[in-house]
Amino acid sequence: MKDDTEKEECTEEGGINMAVLAKPINKVSVIQERDSRKFVQDFNNNRVSKEFLDVCKKAGSLFGKRK
């Protein structure tokens with residue numbers, strides 16, 4: 001018999017919810033010299049724009065006072 005202070009959350013399938021822990025990877029990616037120009041171009045194209053960040057901040061203010 002389980003103690004009343006012990007709580008378990010069960011999923012719809014009958015399993016028990018568990019926390020997942022992840023270990024950070026401390027590896028450095030190496031970019032070859034011949035691929036560096038393409039890497040920089042792709043990196044710059046995938047940057048988040050200032051306008052997008054402003055829109056996100058405005059939308060975030062609708063949901064609460066967290067930053």
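Treat the numbers as computed from the prediction; the structure is a model and nothing was measured.
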J.: Side chains of residues 42-56: which donor-acceptor partners sit under 3.5 Å, not counting sequence neighbours?
T.:
{"unit_1": "Asp42", "atom_1": "OD2", "unit_2": "Lys38", "atom_2": "NZ", "d": "2.8"}
{"unit_1": "Asn44", "atom_1": "ND2", "unit_2": "Val40", "atom_2": "O", "d": "3.4"}
{"unit_1": "Asn45", "atom_1": "ND2", "unit_2": "Gln41", "atom_2": "O", "d": "3.2"}
{"unit_1": "Asn46", "atom_1": "ND2", "unit_2": "Asp42", "atom_2": "O", "d": "3.0"}
{"unit_1": "Ser49", "atom_1": "OG", "unit_2": "Phe52", "atom_2": "N", "d": "3.2"}

J.: Would you indicate whether Leu62, at its atom CG, is surrounded by more than 12 heavy atoms from other residues, nucleotides or ligands within a distance under 6.0 Å?
T.: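 Result for CG/Leu62: enclosed.
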J.: Not counting sequence neighbours, list each pair that qualifies as a salt bridge (charged side-chain N to carboxylate O under 4.0 Å, His left out) and has a residue in residues 24-34.
T.: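 Residue pairs with at least one partner in residues 24-34: there are none.
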